[in-house]
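This report concerns only the one structure given below.
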Protein chains: 2
Amino acid sequence: MRSTTRAETFPAHTPAVSQIFTTVLSHGPLTRLEAARRAGLSPAAVTKAVRPLLAAGYLAEDADGEARPALGRPANLVRVDGGRALFIGVKVTGDEVIAVLTDLCCRIRLARRLPVTDRAARAVLTSIAELTRELRSEAEDFGAPVLGLGIAISGDVDRAEGAVRYSPFLDWRDVALAELAAMTTGLPVVVDNDVRALTVAEQWFGAGVGLSDFAVVTVGAGIGCGLVIHGRVVSGAHGVAGEIGHVAIDPAGPLCHCGNRGCVEAIAGDAAIVTRMREVTGRQVVDSTEAVALAHEGVPGAREVYARAGEAIGRGIATVANLFGPERVIISGEGLAAYDLFAEQILDSFTAAAFGSAARCDVQTRPLPFEEWARGAAAAAIQSFITSSPTPTGKG
Amino acid sequence: MRSTTRAETFPAHTPAVSQIFTTVLSHGPLTRLEAARRAGLSPAAVTKAVRPLLAAGYLAEDADGEARPALGRPANLVRVDGGRALFIGVKVTGDEVIAVLTDLCCRIRLARRLPVTDRAARAVLTSIAELTRELRSEAEDFGAPVLGLGIAISGDVDRAEGAVRYSPFLDWRDVALAELAAMTTGLPVVVDNDVRALTVAEQWFGAGVGLSDFAVVTVGAGIGCGLVIHGRVVSGAHGVAGEIGHVAIDPAGPLCHCGNRGCVEAIAGDAAIVTRMREVTGRQVVDSTEAVALAHEGVPGAREVYARAGEAIGRGIATVANLFGPERVIISGEGLAAYDLFAEQILDSFTAAAFGSAARCDVQTRPLPFEEWARGAAAAAIQSFITSSPTPTGKG
DNA sequence: GTGGCTTATTTTCCGCTGTCAATAAAAGAA
DNA sequence: TTCTTTTATTGACAGCGGAAAATAAGCCAC
């Protein structure tokens with residue numbers, strides 16, 4: 001019953017083509033001249049690069065309807081035709097599988113969820129397949145093919161191999177997820193760490209557009225960090241990087257599940273906040289929603305719990321800034337539901353702990369609906385599609 | 001009286017030429033085939049790249065005298081002719097100006113020092129000029145031209161502009177040092193942050209050869225860190241990065257001159273150690289040499305001071321490892337005179353605080369004679385010489 | 001010694017990319 | 001209408017790096 005779409009490939013025959021496409025993708029509609037300037041190429045190269053992309057339908061041309069300088073030949077805006085192709089992004093947590101259908105511009109078209117009852121890889125894979133099938137069938141209404149599937153999972157993930165090395169939340173070890181999912185769905189599959197996937201989405205479609213050095217910090221159950229340095233996402237020599245959650249900031253702090261004391265996550269992670277909220281208020285608190293509620297109600301001591309968490313996060317971010325000097329830090333995560341509770345502390349303690357010019361780093365916050373994680377997975381799939389060489393052409 | 005050597009340039013006409021040269025420079029004598037494999041080029045490209053470099057004398061060919069596999073045509077080793085060109089590297093501290101003369105392979109040929117009595121830029125510049133003149137005149141015996149001058153200074157240095165933005169130790173602000181030194185010496189000048197320069201030296205000539213992700217941590221008066229990520233030295237968006245010294249690891253720690261508490265430098269920097277040694281032993285201790293001596297003598301409490309410092313350094317390194325997952329961390333610095341005193345703690349606390357795969361990072365130590373800082377400056381000059389395009393040829 | 005074998009290096013094209021300079025196109029201005 | 005101004009396109013071209021084939025240079029067996 002599965003549609004056996006022959007894997008459609010992207011006509012990125014040359015570096016210039018990829019570069020122009022990603023430039024237009026990130027920087028919205030552009031004139032060819034402008035695209036040339038941004039990509040550091042000659043206008044002639046842009047014309048040549050754009051042609052096959054127009055022909056294949058990935059780019060479209062707008063007659064520039066806007067008010068324009070009224071002199072000279074009017075510019076033709078080139079933009080990515082988002083409706084040309086669709087992608088599916090899936091985020092797997094210990095409780096849920098969240099899937100979104102996005103277009104080529106990574107705009108979410110549809111979203112679906114499925115609870116996880118059995119964390120075994122086989123069961124999760126079935127859920128992924130189920131959601132994928134559902135979204136694909138609905139996608140038919142959009143009249144565009146689904147060209148890739150991205151899966152985001154927290155933990156140690158080897159994107160190149162498409163394997164989950166170790167995922168604590170799911171208790172997986174060495175699962176060749178990409179291969180399995182590709183067999184089940186018939187789609188090209190990318191598997192990546194969730195924070196890295198989110199970082200890719202920010203780099204291409206979010207607050208990281210145009211920056212060569214920035215960080216994404218996610219606050220929630222865990223505290224994670226994705227880094228972009230020299231314009232590329234950092235993966236670390238052993239596939240692990242950005243473990244801001246286990247940066248130890250206080251030797252006298254609470255014990256962390258990693259065995260150390262005073263990790264950022266042990267102070268500001270959801271579980272830590274809930275535990276502490278229980279201790280401080282003496283009430284039954286089972287999840288972070290309740291903890292937030294207590295703080296908002298003004299229960300004595302509750303706000304201090306968040307203040308302390310915010311301080312820890314701010315110091316963690318300052319550490320990142322001191323070490324890498326990013327241009328911007330984007331704070332995001334489910335934990336942002338409580339953002340008003342610790343925003344001030346994050347900024348204050350960041351400012352206090354940032355050294356010298358590191359304090360010039362722009363600290364932003366972005367709400368992160370849970371679908372955003374899945375969107376990150378879709379972004380990874382889009383990235384993979386775009387950079388997949390159709391035929392190992394040229395220099396090889 | 002200054003020799004008006006017309007600035008000799010490096011014949012790096014194409015990317016392949018640069019790549020092959022740096023490959024041979026870092027990986028010692030190589031056969032063309034081997035060089036091709038390492039650089040990811042075809043053997044034919046190597047032949048073509050090597051020819052102009054041989055002609056210009058930067059590369060030389062050895063008949064391979066070694067025992068060889070005894071089958072097939074013998075390979076011809078290609079190596080960099082270190083004697084072809086000389087460079088001068090200068091490190092400026094608050095007390096001294098240290099200068100070295102190196103060859104193209106960054107081997108130190110001569111070293112000179114001059115005390116700093118007046119920290120004003122003009123006075124220091126005079127010392128630099130003096131040492132440069134001396135070394136150049138002695139260099140004549142080597143029969144090779146001096147092709148560049150590198151200057152390393154701690155603090156906020158803008159290499160691209162050749163300007164010292166702010167140097168706390170010298171109390172300089174916005175000094176256009178490269179321009180001044182170039183005028184005085186008539187040499188092409190590179191000015192860079194001292195730790196970054198040292199990192200370049202490690203990347204090309206030291207323990208970082210062949211690694212795309214590693215860190216250099218220097219222990220001494222300050223605690224510094226140079227990062228190489230994706231094969232490039234990290235400078236940060238604002239020109240400052242690697243401030244491991246001001247990573248705060250203990251909110252209850254001693255006050256740091258940066259205004260925070262518990263910075264690594266406030267615990268493990270020379271000044272911090274001396275201060276604490278005084279407190280703990282109750283003796284007069286004026287510098288770190290004396291502090292080391294006390295610890296070696298077994299004065300009660302003295303060793304604990306170093307243990308505590310080692311622990312702080314280890315935790316700082318673990319933070320770096322957690323955040324970007326380097327393949328190796330190279331610990332170096334004048335402070336290594338005391339290395340036996342805290343080696344164990346560094347490794348122990350690193351191992352304890354490193355999260356997951358980050359612990360697989362290889363932590364090495366290298367002695368760092370003080371001239372090594374100056375050598376780093378020379379490495380920066382060499383790098384600049386090699387990558388300086390002779391004529392803005394080709395694309396552009 | 002000579003022919004054969006193996007491996008290293010060089011040569012000889014060749015495709016391909018992106019630049020340059022000239023040209024077309026699309027308006028408004030004169 | 002014609003000129004001006006700005007954007008887009010075209011075609012010639014230079015040059016980089018690859019592939020394959022040719023050549024070089026030893027060693028070995030006979």
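In what follows, every heavy atom counts, from backbone to side chain, and hydrogens, waters and symmetry copies are set aside. Chain A is the first sequence line, chain B the second, and so forth, proteins listed ahead of strands; every chain is numbered from 1.
- Checked by atom type and distance alone, the side chain of B/T23 pairs as donor or acceptor with a backbone atom of B/Q19 at under 3.5 Å.
- Nucleotide D/dA8 holds its P atom 10 Å from the CD atom of A/E34, rounded to whole Å.
- At a threshold of 4.5 Å between non-hydrogen side-chain atoms, the residues B/V46 and B/V78 do not count as touching.
- Among the atoms of the strands shown, base atoms are found under 4.0 Å from some heavy atom of A/T47.
- When all heavy atoms of B/D81 and B/A60 are compared, the pair lying nearest together is CB-CB, 4.2 Å.
- Contacts between residues 49-60 of chain A and DNA chain D, defined by a heavy-atom separation under 4.0 Å, are made by A/R51.
- Between the side chain of A/R84 and the backbone N or O of A/A56 there is at least one donor-acceptor pair closer than 3.5 Å.
- To the nearest angstrom, C1' of D/dG18 lies 10 Å from CG of B/L41.
- Rounded to an integer number of Å, the gap from B/L77 CG to C/dT9 C1' is 13 Å.
- Ranking D/dT7, C/dA27, C/dT11 by closeness to the B/A44 side chain, first place goes to C/dT11.
- Comparing C/dT9, C/dA27, C/dG18 by their closest approach to the side chain of A/A16 singles out C/dG18.
- Taking atom CG on B/D62 and atom P on C/dA8, their separation rounds to 17 Å, with Å as the unit.
- Nearest to the side chain of B/R32, among C/dT9, D/dA8, C/dG18, sits C/dT9.
- The distance from atom CG of B/L30 to atom C1' of C/dA8 is 14 Å, rounded to the nearest whole Å.
- Residues B/E202 and B/R328 are not paired through a salt bridge, judged by the lack of any N-O separation under 4.0 Å between the basic side chain and the carboxylate.
- Here the side chain of B/E34 pairs no donor or acceptor atom with the backbone of B/L77 at under 3.5 angstrom.
- In this structure, the CD1 atom of A/I20 is 12 Å from the P atom of D/dA8, given to the nearest Å.
- Looking at the side chain of B/P15, the nearest of the listed nucleotides D/dG17, C/dT19, D/dG26 is D/dG17.
- Panel note: side chain B/R159, backbone B/N193; no donor-acceptor pair is recorded below 3.5 Å.
- For the pair A/N76 CG and D/dT6 P, the interatomic distance rounds to 17 Å; values are reported in whole Å.
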N/O to N/O distances under 3.5 Å, protein versus nucleotides 22-24 of chain D:
from: D/dA24; atom 1: N3; to: B/R73; atom 2: NH1; distance (Å): 3.4

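- Smallest separation of non-hydrogen atoms from A/I382 and A/L104: CD1-O, 3.7 Å.
- Put simply, A/T14 has a side-chain N or O that comes within less than 4.0 Å of OP1 or OP2 on C/dG18.
- Each of B/I386, B/L59, B/I20 was evaluated against B/L25; a single residue qualifies, B/I386, per the side chain to side chain contact (heavy atoms under 4.5 Å, CB included) test.
- With A/E179 contributing its side chain and A/E161 its backbone, the two residues share no donor-acceptor pair below 3.5 Å.
- For a distance-only test at 3.5 Å, the side chain of A/K48 fails to qualify as a donor-acceptor partner of the base of D/dT10.
- A straight line from CG of A/L33 to P of D/dT6 spans 11 Å, rounded to a whole angstrom.
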